[in-house]
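To start, the structure itself, in C-alpha cells.
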Amino acid sequence: MDGNSSGAESESFDWNTEDELEIANFQSSNQTLHAEVSSCAGSSNSKLMDRLVAMGFSQKMVAREILENGEENEESIVNALLTYSALESSPPEQQQIDSNNCSSETEGSFLDDLSDIDSFSDNEEITNPVSDNDKFSSLMNMGYTAEEASIALERCGVDSSLAELTDFITAAQMAKAADALLPPEEPRPRNLCNTQKKRRFNDYEVLGRKKQMGSEKKILTEDDEPLRMPNPMIGFGVPTDSFTIVHRTLPEAAFGPPYFYYENVALAPKGVWNTISRFLYDVEPEFVDSKYFCAAARKRGYVHNLPIQNRFPLVPLPPNTIQEAFPLTRKWWPSWDPRIKLNCLQTCVGSAKLTERIRKAVEDCIGDPPLHVQKYVLEECRKWNLVWVGRNKVAPLEPDEVEMLLGFPKNHTRGGGISRTDRYKSLGNSFQVDTVAYHLSVLKDLFPGGINLLSLFSGIGGAEVALHCLGIPLKNVVSVEKSEVNRNIVRSWWEQTNQRGNLIDLDDVQQLNGDRLEQFMDSFGGFDLVVGGSPCNNLAGSNRHTRDGLEGKESSLFYDYFRILDLVKCIMSRN
DNA sequence: GTGATAATGACGGCGGGG
DNA sequence: CCCCGCCGTCATTATCAC
C-alpha cells in the first residue's frame, strides 16, 4: 500500500525506464521472464511485432508469444500463434482478458471515445489532430481498447511513433495481465477461469417492489455509461435507513466460493469503477458513505458477491455525531459552526500554523466573527477536520481519536516503533470497521465454525478486526501487506486478542503466485473470503501530483487483486 | 538517516438559477 | 438543458530540526 514507491522517478516521462520499473514490480518471481519483458519493452522487436500483427494476430497474442519464446525464435512464435488460432475457432483479435472492449462497439460510442481523447490532450500542444486520430484508429484496428489507446497517446505524447505507442501498451499489458494470463506452470485458456457473461446490472428488489437500476439508457452507450453515485450514498442499505435493497441478482461468473470483497475510493476518476466492476465479474459496486455508520464521512465503493439480506451492525453503535464522539468539544463549539459530521479522515492533518491563524482570526473579533471570517474558518475546519478544543482554539484529531472513529480499538496503531505521522497515514488508508463489518455480518451464519481469510493490502487489519468484532472466528488468515509497521500492528493485535487461528503474513502481493496459493489452500482447504482494498493513491482527489487513474503506479495493483482472486476461484472450482 | 511540518490545486458531483 | 459556483477529496513533495 505504501512503501512501494521507488522515489527515484523524474518529472519528465521516460516510458522505457518507467516501464521497466513497473514490470520489475509486477514480475518479481521469474527473473528470466523479467529480462525478456524488459527487452520487449524496448523497441527492438517492434518490427517483428508489427509484422505479426499485420498477419492478423492480435497484439496481445504476439506479445505473449514473444515473451514466452524470446524474440529471436520467430519460428516458434509463429507456430504457437498458428496453433492457438486453430484451437480457437474465434479470430485471433478476440482473445483478450477484457471481453468488453470497443471492438464491437457502435459508431456512437467510438465517437464518444474520440471526444474523450480530445479532452485528454487538452493540456498538451495539439500538433496534428488528424494524425492523432489516425494513430488512435490504427491502435483500435490492432485490437486495443479505446482506453489503452488513449492512455498510450496521453503518456507517450502525440508525436510518438506507432511502434512506440504499441510498445508502451504492450509493456503495460504485460505487466498487468501476464500473471493472469500466464500462470507459470499450468497453461490454460487465456480467457478467465470464469467466462464473462454478457452483463447488465441487474434489477433489484426493494422491500418487495421492483426497482430498475441503470437500464434506462439506450443500448448504444450502455457500457460506456459512467456509474452514478447513489444519493444518498447508502449502497444496498444502512442500519439507520429503511430504504433497503433486500435482493439482487449476481452475474453467474461472480458466484463463490470464495466470497470476495473489494474496496476503493468512490470518487475515482471517470471510468475507473467501470473497469473495476468489469474485471470483478461485472458485479455492480456498492457505494457507501461511512457517515451513516460513524461520525466521519468516508465515501467508498465496495464490489462483493456477499448476500445482502439480514445484515446487522456491530454493537454498541459508535457515536454518530462529532458532539457525541467528542463531548468535550461542545463547550467550545461556536453556534456558527454547523458541522455534525466530520469529513473524510485522510492521511495528513492540519498544521499548527493553521490553527494559530484561526485562533488569531477569531480572537480579534467581538462576539461572533463577521461572515467572511466565519467562512474562512469553516472552510479550513472542513478541509482539515479541525475540532474546537478551547476558547477560539481548533485542533486536528489525535491518532487515538481517529482510531475510535474508524472503529479500531484504542491504541491499535500505537507503539511498536511507529511514528505519529505514520499512524495518521496508516489510519487514513484504512477501512471504516463498522461499515465493513455490516457488509461482512452475513458471513456469521454461513460460517459458524469460522473462516479462512485471504486479506490483500491488509493495512492495519480492518477486515480482520471487523470479522473478529462480529464474532466470526478466524481460522487461517493469509495477510499480505507491504508496510512492515502495518504488519507489526496486525501481528500485535492478533496476539493481544488471543486468536486461536493461524496468521501468515506476506509482504508482496506480486510474489503471491499460483504455487504458493495452492500450497496454502491445500493445507487448510481453500479460502472462504478474499478481502482487499488496493491502493487509492492514483485515484484519490486529494492527490495533486500523480492522480493517474487505475493505471497509476500504485493503483494498478488492483490488477493483482483480480489476478489473485481469479486464481483462488480457479483452484477452488477445481477441487 | 528519521520524523514533523508546511505548502502545493485539480477535478468531478451536485444543486440552484437562468 | 446549460451554466456556474460550491463543496469535498484513503496525497505528494520539499524543507527543517534533530
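What's counted below: heavy atoms across the whole structure, side chains too, no hydrogens, waters or symmetry copies. Letters A, B, ... mirror the listed sequences (proteins, then strands); counts begin at 1.
If you measure from atom NZ of A/K383 to atom P of C/dC6, you get 14 Å, rounded to the nearest angstrom. Atom CZ of A/R339 and atom C1' of C/dC7 are 14 Å apart (whole Å). Atom-to-atom, CG of A/N343 to P of C/dC10 comes out at 10 Å; the value is rounded to the nearest Å. In this structure, the CD atom of A/E554 is 14 Å from the C1' atom of C/dT13, given to the nearest Å. One can place NZ of A/K299 at 17 Å from P of B/dG12, the figure rounded to the nearest angstrom. For the pair A/D289 CG and B/dG13 P, the computed distance is 16 Å after rounding to whole Å. Rounded to a whole Å, the CG atom of A/N385 is 12 Å from the P atom of C/dC10. Distance CG (A/L378) to C1' (C/dG8): 14 Å, rounded to an integer number of Å.
Note on A/R228: a side-chain N or O is less than 4.0 Å away from OP1 or OP2 of B/dC14. Side-chain nitrogen and oxygen atoms of A/Q346 include at least one within less than 4.0 Å of the OP1 or OP2 phosphate oxygen of C/dA11. Of the side-chain N and O atoms in A/S542, one or more sit less than 4.0 angstrom from OP1 or OP2 of C/dA11. Contact annotation: A/R300 reaches the phosphate of C/dC10 (side-chain N/O to OP1 or OP2, under 4.0 Å).
Taking a pair to require two hydrogen-bonding distances under 3.5 Å in either a Watson-Crick or a G-U wobble arrangement, B/dG18 pairs with C/dC1. A 3.5 Å limit on both hydrogen-bonding distances identifies no Watson-Crick or G-U partner for B/dG9.
In the interface, the side chain of A/E379 is not paired with the base of C/dC7 through any donor and acceptor atom under 3.5 Å apart.
By the 4.0 Å N-to-carboxylate-O rule, A/R311 lies close enough to A/E286 to be salt-bridged with it. Using a cutoff of 4.0 Å between basic side-chain nitrogens and carboxylate oxygens, A/R423 and A/E403 are scored as salt-bridged. Look at A/E356 and A/R359 and you find a salt bridge, because one of the NZ, NE, NH1 or NH2 atoms lies within 4.0 Å of a carboxylate O, short of that distance.
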Could you write nucleotides 2-8 of chain B as a row of B, S and -, 5' to 3', where a protein heavy atom under 4.0 Å of any base atom gives B, of only sugar-phosphate atoms gives S, and otherwise -? -SB-S-B
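A donor atom on one side chain and an acceptor atom on the other are not found under 3.5 Å apart for A/D422 and A/Y424. Using modelled atom types and a 3.5 Å distance limit, the side chains of A/N543 and A/T546 yield a donor-acceptor pair. Judged purely by distance below 3.5 Å, without hydrogens or angles, the side chains of A/D434 and A/Q432 pair a donor atom with an acceptor atom. No donor-acceptor contact under 3.5 angstrom links the side chains of A/S277 and A/E284, judged on distance only. Using modelled atom types and a 3.5 Å distance limit, the side chains of A/D566 and A/Y281 yield a donor-acceptor pair.
Taking the six-membered ring where tryptophan is involved, the planes of A/H304 and A/H439 are essentially parallel, since the angle between them stays under 30° and well short of 60°.
Considering only side-chain atoms of A/C344, the nucleotide from C/dC10, B/dG12, C/dA11 that sits closest is C/dC10. Checking C/dC10, C/dA11, B/dG13 against the side-chain heavy atoms of A/K270 singles out B/dG13 as nearest. In this structure, the nucleotide among C/dC10, C/dT12, B/dG15 sitting nearest to the side chain of A/N231 is B/dG15.
Summary of the strand contacts: A/N538 and A/R547 both lie near DNA chain C, and taking for each the nucleotide with the nearest heavy atom, the more 5' one is attributed to A/R547.
The stretch residues 396-407 of chain A does not touch DNA chain C, since none of its heavy atoms comes less than 4.0 Å from the strand.
Around atom CD of A/E324, more than 12 heavy atoms belonging to other residues, nucleotides or ligands sit under 6.0 Å away.
Between the C1' atoms of C/dC6 and B/dG9, the separation comes to 16 Å (whole Å). Look at the P atom in both C/dT9 and B/dA6: the space between them is 22 Å, to the nearest Å.
Shown are A/R298, A/K299, A/R300; of these, the salt bridge (charged side-chain N to carboxylate O under 4.0 Å, His left out) with A/E263 is made only by A/R300.
Among the protein residues, A/R423 comes within range of no part of the nucleic acid, since none of its heavy atoms lies under 4.0 Å from any strand. Residue contacts for A/R382: at a heavy-atom cut-off of 4.0 Å it reaches the sugar-phosphate backbone alone, with no base atom in range.
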